Engineer: 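Structure below; questions to follow.
Please read all numbers here as calculations on a predicted model, not as lab measurements.
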Amino acid sequence: MFESLSLPRPDAILSRIASFEDDPRANKMNLGVGIYMDAQGKTIIPETVKLAEQRLLDLEDSKSYIGLAGNPAYNKAMREIVFGETVPEGRIHGMQAPGGSGSLSVLAKLMERACPNAKVWLSTPTWSNHAALLSTGGLEIGKYPYFDATTCAINFEAMTAKLRTLGPGDVVVLHGCCHNPTGANLTREQWDEVAGIAKATGFLPLFDIAYQGFGDGLEEDAYSVRKFAHTVDEMLVAVSSSKNFGIYRDRVGCAFAMGACAETTDVAYANMQSIARSMYSMPPDHGASVVSIIWQDDELRVQWLSELKVMSDHIASLRNQLATSFVKQSGDNKFDFIGMHRGMFSLLGLTIEQVEKLREDYGIYMTSDSRINVTGVQGENIDRLAGAVLAVSV
Ligand SMILES: Cc1ncc(COP(=O)(O)O)c(C=O)c1O
C-alpha cells in the first residue's frame with residue numbers, strides 16, 4: 001500500500017530547525033523557531049510550572065481517564081484568562097484539546113459539520129500551519145489582505161473592504177494578539193470596527209490566540225476577543241497555553257464555541273466532544289492540571305503573571321534594541337516597525353534570495369518569508385543581525 005505514497009512537502013519551520021542543527025558555524029543564529037528564548041538563549045521551564053508540577057506529583061492519586069472535554073478546572077481557567085468577566089452566561093463552553101493546533105483542528109471539524117460549504121478566510125500572510133489545520137474537512141480556504149510588505153504595516157482599508165463583502169457561511173480567522181508572522185496588530189479602534197463589520201455582515205469570527213501576555217499584557221492582549229464576545233452572536237476561539245505557560249511539549253490548548261443561546265451552544269459543545277472522540281478521544285492531562293493549579297492558587301498566579309511580564313519585557317527590550325541598531329547602522333528609520341510590533345515575530349520584508357543569503361553568508365536562519373523570532377537574538381548578535389540584513393538588502 002505504501003508504494004502509492006509520495007513524500008510530503010517538508011514543514012517550512014521544522015525543516016529550518018533541522019538545517020540549523022547541522023550548521024557547524026559557532027556564530028549561527030536561529031530566528032526561525034516559534035519558541036520564546038531568554039537572555040541566555042534558553043527556553044526554560046517557568047518556576048511556577050515547576051512548583052505546580054511538584055504539587056501535582058504529590059497530590060495526583062489516579063491516572064484514570066478524565067473525559068472528552070479534558071480538565072474542567074483548566075477550561076474554567078482559560079475562560080477567565082481569555083474572556084475575563086465578559087463571558088455571556090451559558091453561551092460559551094471551552095473544551096481542552098492538544099495545544100492550539102488541536103483546538104483549531106476540532107473547530108475545523110465543527111465548522112465542517114455545521115456548514116460543509118463554509119469558506120475559511122485567512123489573513124495574508126498568516127501562520128504557516130493555519131491552512132493545513134483548517135482545511136482538513138475539505139473546507140475551502142480564502143485569503144483576505146492584511147499586511148503590506150512594502151510599508152511593513154497593516155493595510156486596514158484593504159482588509160476591511162474585503163471583510164465587508166463576506167457574510168454568513170464565511171469564517172474569518174483573526175489573530176487575537178501578536179500576529180504571527182507579522183507582529184503587526186490592529187489598534188483597539190480597528191478591532192471595534194472589525195467587530196462591527198462581523199455583526200453587520202454575519203461572518204463567523206474564529207480567533208486564534210496563542211501569545212496572550214506576550215504583547216501589551218494578559219488583559220490588554222485579550223481586548224479583541226472580549227470585544228467580539230460582546231458584539232457578535234456566535235464565535236469560535238482556539239487558545240494555546242504552549243507559549244505563555246512555557247509548556248510547549250505538554251500539548252495544552254482550549255477550543256471555545258460561543259453561540260447565540262444556551263441551547264445551540266450546548267449542541268455545538270456536544271459536537272466538539274464527539275469530534276474529539278473520533279480524533280484522539282481525550283486530551284493529555286499533565287499540562288492542563290499544571291495550569292489549573294497555577295491559576296487557582298493566589299500566590300502561584302501572581303508569580304506566573306510576573307514571570308510572564310519578564311518574558312514580555314524581554315521581547316519589548318529586544319525589539320527596541322534591534323530597531324535602534326538598524327537606525328544606528330543605516331541612518332534611516334525603515335526598520336522602526338520592529339519596535340512598534342508586538343509578540344515574538346516580525347516580518348522583515350526581505351525576498352527569498354535575501355533570506356537565503358543571510359543563511360549562506362552569515363549563518364542567520366529565518367523562515368523564507370523573512371519572519372524573525374526576536375528572542376532568537378541576544379547581546380552582540382543584535383548589531384550583527386541588523387548589519388547583515390542591511391548588507392543583503394542593498
Ligand atoms: C498563531 C498560532 N496559532 C496556534 C499555534 C499552535 O500552538 P500549539 O503549539 O499550542 O499547538 C501556534 C504555534 O506556533 C501559532 O503561532
Side-chain angles (χ1 to χ4, degrees), residues 62-83 87-120 129-141 168-173 202-210 225 228-229 232-242 250-289 291-292:
S62 171
K63 290 223 182 259
S64 78
Y65 291 120
I66 190 157
L68 296 171
N71 183 328
Y74 169 78
N75 294 336
K76 182 167 179 288
M78 281 307 110
R79 191 168 142 168
E80 289 168 6
I81 289 173
V82 178
F83 294 90
V87 184
E89 206 44 55
R91 283 181 45 214
I92 191 147
H93 291 307
M95 183 186 85
Q96 187 202 327
S101 305
S103 308
L104 287 164
S105 294
V106 167
L107 295 178
K109 292 215 181 292
L110 181 69
M111 289 185 284
E112 192 200 354
R113 280 193 186 181
C115 182
N117 299 322
K119 186 160 180 177
V120 180
N129 208 17
H130 267 154
L133 288 171
L134 295 170
S135 60
T136 44
L139 296 170
E140 199 187 337
I141 299 287
D170 288 307
V171 182
V172 176
V173 178
F203 71 67
L204 179 71
L206 192 181
F207 271 96
D208 180 359
I209 181 156
V225 175
F228 270 71
V232 300
D233 292 334
E234 291 185 338
M235 69 191 272
L236 301 171
V237 182
V239 185
S240 168
S241 298
S242 303
D250 289 333
R251 311 307 302 134
V252 197
C254 198
F256 282 96
M258 185 185 94
C261 63
E263 289 72 28
T264 53
T265 312
D266 286 348
V267 174
Y269 195 49
N271 271 278
M272 284 157 62
Q273 292 179 61
S274 92
I275 289 165
R277 183 69 173 149
S278 67
M279 288 170 76
Y280 52 78
S281 196
M282 294 163 207
D285 178 62
H286 180 83
S289 279
V291 169
S292 62

Engineer: Give the C-alpha distance, both sets of side-chain angles, the deciding distance and a yes or no for side chain to side chain donor-acceptor pair (under 3.5 Å) between Tyr74 and Ser241.
Structural biologist: CA-CA 10 Å; Tyr74 169 78; Ser241 298; 2.6 Å; yes

Engineer: For a quick test of reading the model, state the closest non-hydrogen atom pair linking Met111 to Leu206 and the distance between them.
Structural biologist: CE-CD1, 3.6 Å

Engineer: Please give me the minimum heavy-atom distance between Ala262 and Arg91, naming the atom from each residue.
Structural biologist: N-CG, 4.2 Å

Engineer: Which heavy atom of Ala276 sits nearest a heavy atom of Leu68, and at what distance?
Structural biologist: CB-O, 4.5 Å

Engineer: State, with a plain yes or no, whether a side-chain heavy atom of Leu134 is found less than 4.5 Å away from one of Leu139.
Structural biologist: no

Engineer: Supply the atom-to-atom distance Asn271 CG to Glu112 CD, rounded to the nearest 0.5 angstrom.
Structural biologist: 11.5 Å

Engineer: Check whether more than 12 heavy atoms from other residues, nucleotides or ligands sit under 6.0 Å from atom CZ of Arg277, and answer yes or no.
Structural biologist: no

Engineer: Report yes if some heavy atom in the side chain of Val106 is under 4.5 Å from a heavy atom in the side chain of Ser103; otherwise report no.
Structural biologist: no

Engineer: As an exercise, state the distance from CZ of Arg251 to OG of Ser240, rounded to the nearest 0.5 Å.
Structural biologist: 7.0 Å

Engineer: Return the set of residues passing salt bridge (charged side-chain N to carboxylate O under 4.0 Å, His left out) with Glu263 (not counting sequence neighbours), or none when no residue passes.
Structural biologist: none

Engineer: Do Met235 and Val225 have side chains that get closer than 4.5 Å, going by heavy atoms?
Structural biologist: yes

Engineer: Do Met78 and Val291 come close enough that some side-chain heavy atom pair is under 4.5 Å?
Structural biologist: yes

Engineer: Supply the atom-to-atom distance His286 NE2 to Asp250 CG, rounded to the nearest 0.5 angstrom.
Structural biologist: 5.0 Å

Engineer: Considering all heavy atoms of both residues, which atom of Leu110 and which atom of Ala257 are nearest to each other, and what is their separation?
Structural biologist: CD2-CB, 4.5 Å

Engineer: So, taking the atom named NZ in Lys119 and the one named OG in Ser135, what distance separates them when rounded to the nearest 0.5 Å?
Structural biologist: 13.0 Å

Engineer: Going from CE on Met272 to CG on Leu107, what distance comes out if it is rounded to the nearest 0.5 angstrom?
Structural biologist: 5.5 Å

Engineer: Between Ser274 and Arg113, is any pair of side-chain heavy atoms under 4.5 Å apart?
Structural biologist: yes

Engineer: So which heavy atom on Ile66 is nearest to which on Met282, and how close?
Structural biologist: N-SD, 4.1 Å

Engineer: Measure the CZ-CD1 distance between Arg79 and Ile92 for me, rounded to the nearest 0.5 Å.
Structural biologist: 7.0 Å

Engineer: Which atoms form the tightest heavy-atom contact between Phe256 and Asn75, and what is the distance?
Structural biologist: CZ-O, 4.1 Å

Engineer: Answer yes or no: is there a side-chain heavy-atom contact under 4.5 Å between Val172 and Pro205?
Structural biologist: no

Engineer: Yes or no on side chain to side chain contact (heavy atoms under 4.5 Å, CB included) for Val232 and Met258, after CA distance, side-chain angles and deciding distance?
Structural biologist: CA-CA 9 Å; Val232 300; Met258 185 185 94; 4.1 Å; yes

